[in-house]
Amino acid sequence: DSASPLMEQLIFFHDHALLILVMITVLVGYLMFMLFFNSYINRFLLHGQLIEMIWTILPAIILLFIALPSLRLLYLLDEINEPSVTLKSIGHQWYWSYEYSDFNNIEFDSYMIPTNELATDGFRLLDVDNRVVLPMNSQIRILVTAADVIHSWTIPALGVKVDGTPGRLNQTNFFINRPGLFYGQCSEICGANHSFMPIV
């Protein structure tokens with residue numbers, strides 16, 4: 001479930017694209033089904049320029065209905081607003097370390113809790129010993145980098161996915177519009193244990 005306005009927009013776009021795909025699939029399926037049971041024969045039919053124009057222009061218009069909302073969303077996701085809080089996330093093999101650089105250098109490492117140390121209500125392979133705490137209803141900027149190999153800081157509920165590349169600082173922003181616990185994992189194949197560096 002979405003927890004940010006951008007993720008809501010991503011879900012709306014997914015549903016919009018899926019509706020178009022369903023309409024195309026139904027139409028093409030109906031035409032193929034009808035071709036099995038009908039034999040359309042016309043000995044004077046050599047070419048149909050009108051129908052060829054229609055079936056060339058119509059898909060182009062349909063593609064515009066997918067491309068324009070997609071481009072709008074792409075630019076919205078890249079928009080950096082005035083951030084209230086900046087969080088820096090550094091990917092290591094195989095844990096994340098965080099810095100709240102707006103304050104007096106608050107830094108901590110965030111390791112996955114092993115299954116044998118997990119509380120009964122904890123999520124296996126998803127819970128961490130030090131969670132990131134961020135305010136809701138504020139613009140949050142996140143700076144992502146890595147210390148060794150390429151990692152990817154991902155939280156699906158917030159619509160955030162940023163690659164952490166060594167020697168490079170990538171930034172994005174998000175806005176949390178409801179309180180809660182949001183889980184993510186490293187989404188880059190950064191080594192044997194890449195699925196064991198969760199984010200909470």
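For the single chain, residues carry numbers from 1 onward in sequence order.
- Inter-residue side-chain proximity for Phe12 and Pro69 is flagged as unmet; no heavy-atom pair is nearer than 4.5 Å.
- Residues Ser187 and Thr154 have side chains that bring a donor and an acceptor to within less than 3.5 angstrom of each other.
- Put simply, Trp96 and Val85 are part of the same group of oily side chains (I, L, V, M, F, W, Y) that touch within less than 4.5 Å, one to the next.
- At least one side-chain heavy atom of Lys88 sits under 4.5 Å from a side-chain heavy atom of Leu169.
- Taking 4.5 Å as the limit, some side-chain heavy atom of Leu10 sits within range of a side-chain heavy atom of Leu77.
- Between atom OG1 of residue Thr56 and atom CD1 of residue Ile61 there is a gap of 11.0 Å, rounded to the nearest 0.5 Å.
- Rounding to the nearest 0.5 Å places SG of Cys186 at 12.5 Å from NE2 of His92.
- Atom CZ of Phe108 has more than 12 neighbouring heavy atoms from other residues, nucleotides or ligands inside a 6.0 Å radius.
- Environment of CG in Leu181: crowded, with over 12 heavy atoms of neighbouring residues, nucleotides or ligands closer than 6.0 Å.
- Using a 4.5 Å heavy-atom cutoff, the side chains of Trp94 and Cys190 are in contact.
- Of the inter-residue distances, the one linking Thr115 atom OG1 with Leu125 atom CG reads 5.5 Å to the nearest 0.5 angstrom.
- For Arg178, the CZ atom sits in a packed shell: over 12 heavy atoms of surrounding residues, nucleotides or ligands are nearer than 6.0 Å.
- Although no hydrogens or angles enter the test, the distance criterion places no donor-acceptor pair under 3.5 Å between the side chain of Ser4 and the main chain of Ile176.
- Heavy atoms of other residues, nucleotides or ligands lying less than 6.0 angstrom from CG of Asp1 number 12 at most.
- At distances below 3.5 Å, at least one donor-acceptor pair connects side-chain atoms of Ser110 with backbone N or O atoms of Asn130.
- In this structure, Asp127 contributes its side chain and Ile113 its backbone to no donor-acceptor pair below 3.5 Å.
- When atom types are taken as modelled, the side chain of Thr25 and the backbone of Met23 share no donor-acceptor pair closer than 3.5 angstrom.
- Within the 3.5 Å criterion, the main-chain N or O of Thr86 finds a donor-acceptor partner in the side chain of Asp102.
- Put simply, CE on Met197 and CD1 on Ile199 are 7.0 Å apart, with the number rounded to the nearest 0.5 Å.
- Here Ile24 contributes atom CD1 and Leu19 contributes atom CG; the two are 10.0 Å apart, rounded to the nearest 0.5 Å.
- Put simply, the side chain of Leu87 reaches to within 4.5 Å of the side chain of Tyr100, judged on heavy atoms.
- A chain of hydrophobic side-chain contacts below 4.5 Å, direct or via other Ile, Leu, Val, Met, Phe, Trp or Tyr residues, connects Leu134 to Ile106.
- Here the straight-line distance linking atom CD1 of Ile142 with atom CZ of Phe174 works out to 5.5 Å at 0.5 Å rounding.
- In terms of hydrophobic clustering, with Ile, Leu, Val, Met, Phe, Trp and Tyr side chains grouped at heavy-atom distances under 4.5 Å, Leu73 and Val160 are assigned to different clusters.
- Aromatic ring pairs are classed by plane angle as parallel below 30°, tilted from 30° to 60° and perpendicular above 60°; the pair Trp153 and Tyr98 is perpendicular.
- When side chains are defined from C-beta on, Lys161 counts as touching Ser152, because their heavy atoms get closer than 4.5 Å.
- Contact record, Phe182 with Ala157: CD2-CB, 4.0 Å, taken as the closest heavy-atom pair.
- No side-chain donor-acceptor contact under 3.5 Å links His151 to the backbone of His194.
- Between the side chain of Gln139 and the backbone N or O of Glu82, no donor-acceptor pair lies under 3.5 Å.
- Residues Asn177 and Asn137 have side chains in contact (heavy-atom distance under 4.5 Å, counting atoms from C-beta outward).
- A 4.5 Å side-chain heavy-atom check between Val28 and Met32 finds at least one atom pair inside the cut-off.
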